[in-house]
*Asks:* 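This is the structure, below, for whatever I ask next.
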Amino acid sequence: MENEAGALSRVAGLFTARGYNIESLTVAPTDDPSLSRMTLVTRGTEEIIEQITKQLHKLVDVVKLQDMTDGAHIEREMMMVKVSVGDGKDREEMKRLSDIFRGNIIDVTDNIYTVELTGSADKIDAFVSAIPVPIIEVVRSGVIGITRGEVSLSL
Amino acid sequence: MELTGADIFVQCLKDEGVEYIFGYPGGAVLHIYDALYRQEQVKHIMVRHEQAATHAADGYARSTGKPGVVLVTSGPGATNAVTGIATAYMDSIPMVVITGQVPTSLIGNDAFQEVDSVGITRPCVKHNFLVKDVNDLADTMKKAFYIATTGRPGPVVVDIPKDVTALKTEYHYPRKVSMRSYNPVTKGHTGQVKRAIDMLMTAKRPMIYSGGGVVLDNAAAELTGFTRQLNFPITQTLMGLGAYPATDRQFLGMLGMHGTYEANLGMHNCDVLIAIGARFDDRVTGNVEKFCPTAKIIHIDVDPASISKNVKVDVPIVGSVGHVLKEMIKLLKADKRSPDEEALAEWWKQIEEWRALDCLKFDTSSKLIKPQAVIQSLYEVTGGDAFITSDVGQHQMWAAQYYKFDQPRRWINSGGLGTMGFGLPAAMGVQLAHPDATVACITGEGSIQMCIQELSTIRQYGLPIKVVSLNNGYLGMVRQWQEFFYDGRYAMSYMESLPDFVKLAESYGHIGIQVKDPADIEGALLEAMKQKDRAVFLDFVTDPEENVYPMIPAGAGQNEMILV
């Protein structure tokens, strides 16, 4: 998308106006600062996805659009989770679980671990449900994706 | 030389060849009004309400094909314009609306007459801009006109803060625009066009269903050539009327909720349907589950998102209808095949049987004025050669049914949004664009009151518009639905306190005529048409209980019409 004020609200507005769902949405400028890349996760029948694709394409700010699920692609999401780890046993458990999922403990206090984890949404879900200690706070980035191989969304 | 933002703005209008700008002044646009005052090329028409400015620009655009231009102030000026912007958006009318904005330093401060115009108009514009830097103004104006008039046309809003109109910079109006994110398609895919021709050749019971897209693309000649070449029956949507001559034998009348018997049954029973610049609106399809049950469907549209939106089609063709039809005509001429003539003759025989039912007949012996008779008489008195604007309701449907439009851009009405109050201001734009033409606004006593203040504007600019009001004392369409679907409980549709329209017209300096006797219809219309320099308000007191027939109730199939 053009990296312009209001571009994001056009997309968000389109979804509300036409009654589509947004499961997650991430947006940030690319290596070309005049362009932003948005990854949007939505759900619907084939017809609805086709309509969403066409309607998004119609927005003047949208430069190029790709349905990632049309082909092989990689999805990643990042999560940071703050957990309560009061005693040594909890700390041990949490450290081990984090290692198994290839997470990093990025902040530590007497009572708190903050773990950073990157992966598919499924992996993150699995990690969250496996956490053996009380969860204090979860923040997820939403999914970003990229196609495998030669196919590319660049201009 | 450096110019102020306000002068740059006016210069942009000149470079775009803008003739008229419709607007209403206010604090945020005073620099612009000052710049307009210091020149004579761009003529500003001052309305009495911003909604009317947008409708007038819209009428200008619909009747000429050129973009309508509107100038309003910030805050309430912008919000008042929204109805007209949404009206243009729903019917894909090219329009550029400039809204004043509070100075950039005050944006977001809840300043006096501040509103987020870009935010408020976002869902009802093709695109919009906020110009924060005077150096971007000329470029943005060029883009606004380009986006409004290309592809599927539509309104574009340009919001300009007051300080931007005061700052100075060098003026260069770009000759061309290129936008990497906006490249409308014109030419249809050749393979798809060929597939469509193959399908047309197999048709035994074909139908052509065309819409406003043909008018917008100035493709009436192509549509007519295509239809005649194939000898297929054609029906048109409310927005498409005039693109194919209504007096021609192949024309079956309008389709849809108040379409003719032959058009709707033709749709229901056809085996190949070609939709041209039409968008399968719910007022056309009725229940989509029951829509054209036996048809293979070809759809030509410039907007890919219109294709397979409501009804799944078999051969989609994305492209400008004019381009695609030209291509099809060429291919048809070169093609050695032709559709099954025997089957086509059989199909026409069936259609003529439906047509013989004469579904638009009405009681001509009544002592009360029948609204249909007024439209029929207006058609005869004007020789079918007038520009007709309308408001929304029963009178709109009667106008569409009984005024036979043989040319495009003559029938100006709010089809998509259904905006009451549209007709009179739209007529102003039409009359300004066509000063010597007969312009009549067909309205009702309900709709006319939604923008009646424009009688004053009409007086100011000496526009000889003929207002043909079908006064049945009810919000007629509402009354009709209440009669049919709410057991005659006429909640809020009876008007007990109507003004004396004759006196009202006279107080604005116009001629007012009330007509109560069916015998006086023609005489009154002839009298009105004689007034070449003055506006006339014709108040026809009509049968209060008349309904619009045929009617397909909402949710029913096209073969489930109520006839009388």
Side-chain angles (χ1 to χ4, degrees), chain A residues 1-22 25 27-40 42-67 69-70 151-155, chain B residues 86 89-90 92 104 107-108 116-133 136 139-140 143-144 146-148 150-159 177-185 279-280 288 301-313 316 318:
Chain A
M1 299 193 310
E2 297 291 350
N3 184 13
E4 286 190 15
L8 172 62
S9 59
R10 280 180 219 283
V11 173
L14 173 73
F15 274 71
T16 3
R18 299 208 177 253
Y20 309 139
N21 276 318
I22 300 180
L25 186 161
V27 57
T30 62
D31 54 328
D32 173 351
S34 71
L35 285 173
S36 285
R37 176 163 171 140
M38 173 185 280
T39 311
L40 201 148
T42 184
R43 217 171 266 281
T45 61
E46 208 177 302
E47 287 79 31
I48 290 174
I49 299 298
E50 187 185 329
Q51 254 308 300
I52 292 177
T53 310
K54 286 172 170 177
Q55 294 291 353
L56 280 171
H57 210 84
K58 232 169 107 171
L59 295 176
V60 171
D61 287 331
V62 173
V63 182
K64 211 168 168 186
L65 186 83
Q66 195 174 42
D67 181 349
T69 61
D70 278 349
V151 190
S152 153
L153 186 56
S154 62
L155 287 182
Chain B
Y89 181 65
M90 286 292 273
S92 309
T104 41
I107 288 180
D116 174 11
S117 302
V118 164
I120 279 185
T121 58
R122 188 179 302 118
C124 60
V125 293
K126 187 167 170 188
H127 196 58
N128 57 18
F129 297 95
L130 169 63
V131 185
K132 282 184 150 172
D133 181 344
D136 296 336
D139 261 15
T140 307
K143 279 184 190 165
Y146 173 65
I147 293 170
T150 50
R152 179 177 181 174
V156 176
V157 165
V158 183
D159 198 27
V177 200
S178 122
M179 295 173 72
R180 63 183 170 187
S181 57
Y182 177 73
N183 299 293
V185 183
R279 61 184 177 89
F280 296 84
V288 288
D301 206 290
V302 74
D303 176 11
S306 282
I307 293 176
S308 293
K309 183 176 71 177
N310 302 335
V311 171
K312 188 110 186 105
V313 303
V318 178

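Letters go in sequence order (proteins before strands), and every chain restarts at 1. Note that the coordinates shown come from a computational prediction; the quantities given were computed from them, not determined experimentally.
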*Asks:* Is the shortest heavy-atom distance from the side chain of A/D61 to the side chain of A/V11 under 4.5 Å?
*Replies:* no
*Asks:* Do you know which of B/P123, B/S306, B/P184, B/A305 has the most heavy-atom pairs under 4.5 Å to chain A?
*Replies:* B/A305
*Asks:* Heavy-atom pairs under 4.5 Å with chain B - which of A/M1, A/E47, A/Q51 has more of them than the others?
*Replies:* A/Q51
*Asks:* Give, as side chain, backbone, both or neither, the part of B/N183 having an atom under 4.5 angstrom from any heavy atom of chain A.
*Replies:* neither
*Asks:* I'd like to know if the side chain of B/D136 and the backbone of B/V131 have a donor-acceptor N/O pair within less than 3.5 Å.
*Replies:* no
*Asks:* Measure distances from B/R122 to the heavy atoms of chain A and classify the residue's part below 4.5 Å as side chain, backbone, both or neither.
*Replies:* side chain
*Asks:* What residue in A/L14, A/L35, A/T53, A/L59 has the most heavy-atom pairs under 4.5 Å with chain B?
*Replies:* A/L35
*Asks:* Could you report the tightest heavy-atom contact between B/R180 and A/S34, atom names first, then the distance?
*Replies:* NH2-OG, 2.9 Å
*Asks:* Looking at B/N310 and B/F280, what are the two nearest heavy atoms and their distance?
*Replies:* ND2-O, 2.7 Å
*Asks:* Name the region of A/E4, side chain, backbone, both or neither, that has any atom closer than 4.5 Å to a heavy atom of chain B.
*Replies:* neither
*Asks:* Looking at side-chain heavy atoms only, is the closest gap between A/Y20 and A/L40 below 4.5 Å?
*Replies:* no
*Asks:* Does the side chain of B/R279 come within less than 4.5 Å of B/R152's, by heavy atoms?
*Replies:* yes
*Asks:* Tell me, for B/I307 versus chain A, whether the close heavy atoms (under 4.5 Å) come from the side chain, the backbone, both or neither.
*Replies:* both
*Asks:* Judged by atom type as modelled, is there a donor-acceptor pair below 3.5 Å linking the side chain of B/T121 to the main-chain atoms of B/C124?
*Replies:* no
*Asks:* Side chain, backbone, both or neither: which part of B/K132 has a non-hydrogen atom closer than 4.5 Å to chain A?
*Replies:* neither
*Asks:* Please state whether the side chain, the backbone, both or neither of A/V60 comes within less than 4.5 Å of a heavy atom of chain B.
*Replies:* both
*Asks:* Please determine, among A/E50, A/Q55, A/K58, A/H57, the option with the most heavy-atom pairs under 4.5 Å with chain B.
*Replies:* A/K58
